[in-house]
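Encoded as structure tokens, the structure appears first; notes follow it.
Residue indices begin at 1 and follow the sequence shown. As the structure lists them, so they are numbered: ligands from 1, and atoms in each ligand from 1.
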Amino acid sequence: MSTNRVAIVEKALDDWLESAAPAGALLGPDEPLRPGSGLSARSALELFEDQVTSRALDVAARELKKSSRSFYTISSAGHENNAVLGALLRATDPCFLHYRSGGLMQARSRKLAGGTPVFDTLLSLVASAEDPASGGRHKVWGSRSLWVPPQTSTIASHLPKAVGLAISLARARRLGVEIELPNDSIVCCTFGDASANHCTALAGFNFARYATRQGSPCPVLFVCEDNGIGISVPTPRDWIRESFGAVEHLRYFRAAGELDEVHDAVREAVEWCRTSRRPAFLHLETTRLWGHAGSDVETTYHNLKEIEALEARDPLLRNARRLLATGATTPAALRSLVRDTRERVNAAGEEAARRPRLVTRESVVASLARWDETAVRAEARAGVEPERRKAHFGTLPEEQASATKKTLAAHVNSTLHDEFLRRPEVLLFGEDSGKKGGVYGVTADLQKRFGVARAFDTLLDETSILGLAQGAAHIGLLPLPEIQYLAYIHNALDQLRGEACSLQFFSNGQFANPMVVRVQGLAYQKGFGGHFHNDNSFGALRDIPGLMMAVPSRGDDAARMLRGAVATAKACQRVVLFLEPIALYHERDLHEDGDNQWLFPYPPPQADVLLPGDVGVYHEEARDLLIVSYANGLRLSLRAAKVLAERHGIRARVLDLRWLSPLPFEAVARHAAECKGVLVADECRASGGGIAEAVLADLAERGAGGKLRSVRAADTYVPLGSATSVVLMQDSEIVEAARRMA
Ligand SMILES: Cc1ncc(C[n+]2csc(CCOP(=O)(O)OP(=O)(O)O)c2C)c(N)n1
Ligand SMILES: [Mg+2]
């Protein structure tokens, strides 16, 4: 069997056009392809040109790959009827696209004059630094001016954020936050038939339906490009229609058949979604040509007859037939259109392959983690008029009689109120975060004081919560999503790792989803046990490129760090994770019951913020030992330092890292240089967080710090009841380790 199916499919179209007879009569450019259809001859021809262009790009990708000049061969071939969506959506309807939506991109590009969609696609295929979508970092469909945020290869991961954006359109308007999209925009996301089974896709559908059921406008158009297969695994016949054909709060449309029929069905779906402001599921029939990608040997799972049957369904062939049969154009005109398009694309491919690539490490990472400390500090000083604070708080939190006796939970709560006051674009949401004010009362009264549009409960799904945050952030809101427990962020980790934190990287900084994800976590909760409420492992978060991570240990720090986190999200458009140690929320004491030494005054909003590198230092005069710690471990280290000084004559300086990503290596090294040894008190599961490893490795490489040791929690899940104390790091262990070092 000939394996060059590309040439065979190309030839089939050429041969057919060569022998095709013209229609008896030609249509005028504005006449519909069939009576009653909304597709004019002119528009049909434009669509066909976009489809041929998309196909020629697929061929060029494979040709350039042969000489190692392009790096991506997943085609849109067979899916080109998605161009109809490109024509019928507006350039201001955000689109989150499947990798086979090439026809859609070509047609959408007509919406803006002066675009160069062919060359742009080729620059992306050859990974040129001039690629306007990703700056040469990945082959993506993306365009800032066309509102197409680039998507990752993780199938279905873009659905929750598409829903999040759709829901946020009306919310932004309600809050008076200005956005660049018109009021009646809709959000489109495309995906494959196999992807429709993914839990992330199902989360997206469910989230849209749930929002609709609750009465929230959710104008999202889900488009399933159904080619009947996922790589080599066939989707059961009719599975998509059976699964989505009759689902409440998700209106089903099917687009199949001739180009004009597809057009009219797509138009109906788009208009229904736009006018009803409700979610629609558009089932677009496609076929897949040439296997999953260039590297896929289709013959391992399809025989020749099956491959030929797929090729016989080539939409280009079918649309060409339709255009000629209806008299929309002539065979000669189509022949030259096909020939000219191929020549144009091939020439552009040769040129693109000569354009520069990314050649330095700095240029690759440039868009990953924007950091401008001056801008962040300036942003943090954005004041709120004292009268507004007075009106809101009555007595200001820093002036209340109990001002010096506030817990970490109270500080976070006051800080949230202050951030809501000074930033109208701030939203807070999560499971139980609204009316109840959170499981631990940290978000109390935000809903009551600022309204349900700004502080609200979500459905019980972390993927949807983070999807909502991303969608809201795409249009200029500043979300503070809450994850109820650290253990449960792992359910939705891809939304942070694969999606939110990668957006600036893959869009060359053109799109961003700034947010502060508040996560309640870590161990040591008294009387409330078990692993899932005391998870002390966050290595999966520290692993995320570009994610900033803060962990406060005391209330006043928490206020200044949370402000720093919000200002960072705002000024640098970053994703910041704010991990709140639950066991310290209501802790009042440091050394003895009733000493109230873990209560601190509320720093007013004009106080300096704490950013990465701003470490906390206790007993700075001490030089026998440096104990490096964070969160619960900081409090335990201070208790240990007291015992060491009083009973063992060892004077320990204690350093609070405060920010765990990036780690403050310089500050640690500075203090380590002044002490005889360094002990890292790391409450995280021994091999789970990497704090002790990272700090000690850095000191070892610098040859700094004298003796280096660590105390860590056991490498295990956290058990229930009194057994927790045998696995979690205790202050007695810190004392013991310090004594051994001395
Ligand atoms: C979450 C995830 N799992 C697995 C893959 C590997 N993968 C890439 S495409 C694909 C099949 C997708 O099929 P379908 O959704 O039908 O899209 P099609 O390629 O047919 O257009 C798989 C399994 C992936 N990209 N993402
Ligand atoms: Mg498929």
Side-chain angles (χ1 to χ4, degrees), residues 5 51 54-55 57-58 61-62 71-83 85 95-105 138-141 150-162 188-205 222-244 254-256 281-298 300-302 306-307 309-311 313-315 462-463 466-467 490-500 502 506:
R5 304 309 306 183
Q51 297 181 325
S54 172
R55 179 70 59 89
L57 283 164
D58 290 335
R62 286 170 189 241
F71 307 95
Y72 189 92
T73 52
I74 295 187
S75 303
S76 301
H79 282 237
E80 287 92 347
N81 275 349
N82 56 33
L85 278 150
C95 275
F96 296 78
L97 296 183
H98 186 46
Y99 44 76
R100 297 198 201 280
S101 295
L104 189 160
M105 269 310 273
H138 215 285
K139 162 66 186 73
V140 288
W141 296 124
Q151 298 314 308
T152 67
S153 297
T154 315
I155 53 95
S157 59
H158 53 307
L159 272 64
K161 59 181 151 178
C188 172
C189 60
T190 58
F191 50 90
D193 49 297
S195 305
N197 299 293
H198 201 278
C199 68
T200 315
L202 299 174
F205 305 138
F222 296 111
V223 181
C224 181
E225 299 191 17
D226 185 1
N227 57 22
I229 196 164
I231 303 188
S232 66
V233 182
T235 294
R237 201 158 51 82
D238 269 345
W239 175 246
I240 295 297
R241 187 188 51 75
E242 285 170 14
S243 304
F244 300 101
R254 182 176 172 83
F281 187 103
L282 173 63
H283 185 182
L284 177 67
E285 194 174 88
T286 65
T287 188
R288 190 193 73 185
L289 302 175
W290 315 336
H292 178 70
S295 55
D296 174 31
V297 183
E298 196 178 358
T300 55
Y301 54 88
H302 277 155
E306 288 165 332
I307 291 173
L310 292 171
E311 290 171 355
R313 296 174 54 207
D314 180 358
E462 288 74 20
T463 295
L466 294 174
H490 296 90
N491 291 47
L493 206 56
D494 170 55
Q495 289 297 309
L496 273 186
R497 187 179 196 280
E499 300 300 309
S502 75
F506 289 120

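Using modelled atom types and a 3.5 Å distance limit, the side chains of Thr200 and Thr463 yield no donor-acceptor pair. Between the side chains of Asn81 and Glu285, not a single donor N or O lies within less than 3.5 Å of an accepting N or O. Side-chain N/O atoms of Thr152 and Glu499 include a donor and acceptor closer than 3.5 Å. Judged purely by distance below 3.5 Å, without hydrogens or angles, the side chains of Arg55 and Ser76 never pair a donor atom with an acceptor atom.
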List, pair by pair, the atoms of ligand 1 and of the protein that are both N or O and lie under 3.5 Å apart, giving the separation rounded to 0.1 Å.
from, atom 1, to, atom 2, distance (Å)
ligand 1, 15 (O), Ala194, N, 3.3
ligand 1, 15 (O), Ser195, N, 2.7
ligand 1, 15 (O), Ser195, OG, 2.5
ligand 1, 16 (O), Asp193, N, 3.3
ligand 1, 16 (O), Asp193, OD1, 3.0
ligand 1, 16 (O), Ala194, N, 2.8
ligand 1, 16 (O), Ile229, O, 2.9
ligand 1, 17 (O), Tyr99, OH, 3.3
ligand 1, 19 (O), Tyr99, OH, 2.6
ligand 1, 19 (O), Arg100, NE, 3.3
ligand 1, 19 (O), Arg100, NH2, 2.9
ligand 1, 20 (O), Asn227, OD1, 3.1
ligand 1, 20 (O), Asn227, ND2, 2.9
ligand 1, 20 (O), Ile229, O, 2.8
ligand 1, 21 (O), His98, NE2, 2.8
ligand 1, 21 (O), Arg100, NE, 2.8
ligand 1, 21 (O), Asn227, ND2, 3.3
ligand 1, 25 (N), Ser153, O, 2.8
ligand 1, 26 (N), Ile155, N, 3.2

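Residues that satisfy the salt bridge (Lys or Arg N to Asp or Glu O under 4.0 Å) test with Asp494, not counting sequence neighbours, are absent from this structure.
The heavy-atom pair separating Thr73 from Ala61 by the smallest distance is CG2-O, 4.1 Å.
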Can you give me every donor-acceptor pair (side chain of residues 230-238, partner residue at least two apart or in another chain, under 3.5 Å) with its distance?
from, atom 1, to, atom 2, distance (Å)
Thr235, OG1, Asp193, OD2, 2.6
Asp238, OD2, Arg241, NH2, 3.1

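Note on the Mg ion (ligand 2): protein N/O/S atoms under 2.8 Å are Asp193 OD1, Asn227 OD1, Ile229 O.
The aromatic rings of Phe191 and Phe205 lie tilted to each other, with the angle between the two planes from 30° to 60°. Ring geometry, Phe281 versus Phe244: the interplanar angle falls under 30°, so the pair is classed parallel (tilted spans 30 to 60°).
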